[in-house]
Protein chains: 2
Amino acid sequence: MNLKTLAQELGLSPTTVSRALNGYPEVSEATRQRVLSAAAAANYQPNTQAKRLATGRAMAIGHIIPISDRHEIVNPVFADFIAGAGEIYANAGYDMVITIVPDNLEARAYGELSSKGNVDGVLVHAPRLNDHRIALLDDLSLPYVMHGRVNGTRKPYSWVDVNNTRAFERATNFLLDLGHRRIALINGISDMDFARRRKLGYERALSARGITPDPALLTEGEMTEAQGHDSARSMLALPDPPTAFLTASLLSAMGVRRGIEENGLTMGRDVSIVTHDDELGYLRNGTAQEPIFTATRSSVREAGRRCAQMLISHIERGDTQPRSDLMEAVLVLGQSTGPAPKR
Amino acid sequence: MNLKTLAQELGLSPTTVSRALNGYPEVSEATRQRVLSAAAAANYQPNTQAKRLATGRAMAIGHIIPISDRHEIVNPVFADFIAGAGEIYANAGYDMVITIVPDNLEARAYGELSSKGNVDGVLVHAPRLNDHRIALLDDLSLPYVMHGRVNGTRKPYSWVDVNNTRAFERATNFLLDLGHRRIALINGISDMDFARRRKLGYERALSARGITPDPALLTEGEMTEAQGHDSARSMLALPDPPTAFLTASLLSAMGVRRGIEENGLTMGRDVSIVTHDDELGYLRNGTAQEPIFTATRSSVREAGRRCAQMLISHIERGDTQPRSDLMEAVLVLGQSTGPAPKR
DNA sequence: TTGAAAGCGCTAACAG
DNA sequence: CTGTTAGCGCTTTCAA
């Protein structure tokens, strides 16, 4: 069923039917009703491709996910973000187009998406320091919103981000208040903007109490279980080991926990973990003494919603001014012990 | 830059240029080269929407992800599957269109995707027993491939699946060989086809040794950390507790581990876990005595690739015969202890 | 308030 | 081997 045949059946022109269906005001109410009910009866759905060609709008938003050869990791945060954004797209009538590319071809992927007209805008994930994609997208003049901020760029751009600095500052303070002085940070890849901010918050809290951050208590890398484990093992073997670990990933936290156990120490008595992932219900709800904070999964989803909303309004209203939205991290600080007394 | 202007610059008709670009044989080699280099120079990219309208092919494949209100869970397997499928799509020139819908609107979403012509086919996730989507998609005559099989349907359909039955049978045998007799299965939602198959394999192995599966050692539900924890706690409190747990999810395994520890037992000495997720590097590579098997993340990704490949060939060759592909689960069985001696 | 006609950018008969 | 001519199904001036 297409517009033409529907129009014929109604004895109207395709123009009028189109107008009635798309809510143009110049159609008489009687005609509109007649058209609407006929369309419903015939289960008429306008052909997307034709509409796109005629209007010049793709009614689709792109997400480019680079995959590296080195580390086969799909950011676990990705699924939740997508779920949040997808909700908004569905309601607004946009398709979500996901492109998986080897990371060395990422720039080309943006170029093609833009010049082939597949999407009206893109959402940009995991910004790095001095992220080159800002310049690239500005060149393409393709609307975009970044999930996260970019340090080291002077150009204005739109973004949605969690307040990582403050979240990690608060978490660090939480541990400091309990009496911890040797606090380890298991952080993400240093090239990532979010990791930089987290480190900043951590250092800020330490410095405010006159503590110099110890590089031996800092790990930067992919936040895997192995990372947490290796870090915990080696740090706990230090002459002056940490009494608490701060990390932002479920997997890392699991690894840290294993490292602690393998060292014959007890979680929550000898060593505490503070982490940042609401999958860690077992830390929150268990009998454990460990403190935890924030809610990655649900807040990432919310970030997805807000990013999508912002991008759509850029596209539809043709916004030229960039916008920003700094989400507060959801802190869920539980009870905890202080450091174990020295033996 | 569009076809027409490119053709004008070359002093050719749009038709010839189109033919040269699309590899039609009836173009002289000289012309083809001239066209190709001009296109490259002008960075010409054909407009996707126009191409789609003209050819009647969306060059896109849909994935519908239902979201339930009750449990806010995006299957963690999803991201890896998508990554695998996305690789194939990118190479074949297809867009991947992901639709997030409330689960009660799933059927409508398929209908719209089909009648609006947004996609040429769909990949169907997480089949349930007697999955209604098979009938629906057959009605729509929209090409599809299921990731997983559907029990209780007589209609033929295309699928790619892991050999869940055999994987769980082998894993159970592995534990039986070590001397375990009380083996718990922490399983997925019973309505899911994969869960049914896993249970089947587990039961088959037990029965072959004359052991009657004990319903008290079976949990069925969302595979969360809490599920693993709660199951382990209550099962370990039984008069005749399990000496080993079999589960297929990282999160569940974490929970089981917590449950074991909270009961004052030691992993790998008093109780073993066998699981099914290659994120569990910490079980495989650690000092632990626990056995593990299979590789969810990488095998899910491979499943994504194979599903995508199959669907594309259905679409392009217009296959009418359904096909199937039973992947062998990657078993990585480590060393383990048998059950702890009775005290 | 409605309709006719042109066109979005491409492909695909059909000629030559 | 190349070009002419119609569309694909919709939107959008421009007229009536």
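Side-chain atoms are counted along with the backbone in the values below, which use heavy atoms only and exclude waters and symmetry mates.
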Point to revise | Side chains of B:Glu316 and B:Tyr94, donor plus acceptor under 3.5 Å | key: yes
Practice item. Quickly work out the B:Asn118 CG to D:dG9 P distance and round it to whole Å. Key: 15 Å
Point to revise | For B:Asp319, salt bridge (Lys or Arg N to Asp or Glu O under 4.0 Å) partners two or more places apart | key: B:Arg323
Check your understanding: Starting at CG of B:Leu21 and ending at P of D:dT2, how long is that distance when rounded to a whole Å?
Key -> 14 Å
Check your understanding: Between C:dA12 atom P and B:Arg57 atom CZ, what is the distance in whole Å?
Key -> 10 Å
Check your understanding: Is the closest side-chain donor-acceptor distance between B:Tyr157 and B:Arg133 under 3.5 Å?
Key -> no
Review point. Is there a side-chain polar atom (N or O) of B:Thr16 under 4.0 Å from OP1 or OP2 of D:dT2?
Key: no
Point to revise | Whole-Å distance separating the CG atom of B:Leu6 from the P atom of C:dT11 | key: 12 Å
Review point. Judged by modelled atom types alone, do A:Thr31 and A:Ser28 share a side-chain donor-acceptor pair under 3.5 Å?
Key: yes
**Study point:** Salt bridge flag under 4.0 Å for residues B:Asp95 and B:Arg52
**Key:** yes
Review point. Between C:dC8 atom C1' and A:Gln49 atom CD, what is the distance in whole Å?
Key: 13 Å
Point to revise | Degree of bending in the helix from C:dT1-D:dA16 to C:dG16-D:dC1 once both end axes are built from five pairs, to 10° | key: 40°
Point to revise | Identified side-chain contact (heavy atoms from CB on, under 4.5 Å) counterpart of B:Val17 within the set B:Leu36, B:Val35, B:Val27 | key: B:Val35
Practice item. Scan side-chain atoms only and decide if B:Tyr24 and B:Arg32 contain a donor-acceptor pair under the 3.5 Å cut-off. Key: no
Practice item. Go along nucleotides 10-16 of chain D 5' to 3' and tag each nucleotide: B for a protein heavy atom under 4.0 Å from its base, S when only backbone or sugar atoms are that close, - otherwise. Key: BBBB---
Practice item. Check A:His63 against A:Leu123 and note the closest heavy-atom contact, atom names and distance. Key: CE1-CD2, 3.3 Å
Study note, to complete from the structure: B:Gln8 CD to D:dT2 C1', in whole Å, measures 17 Å
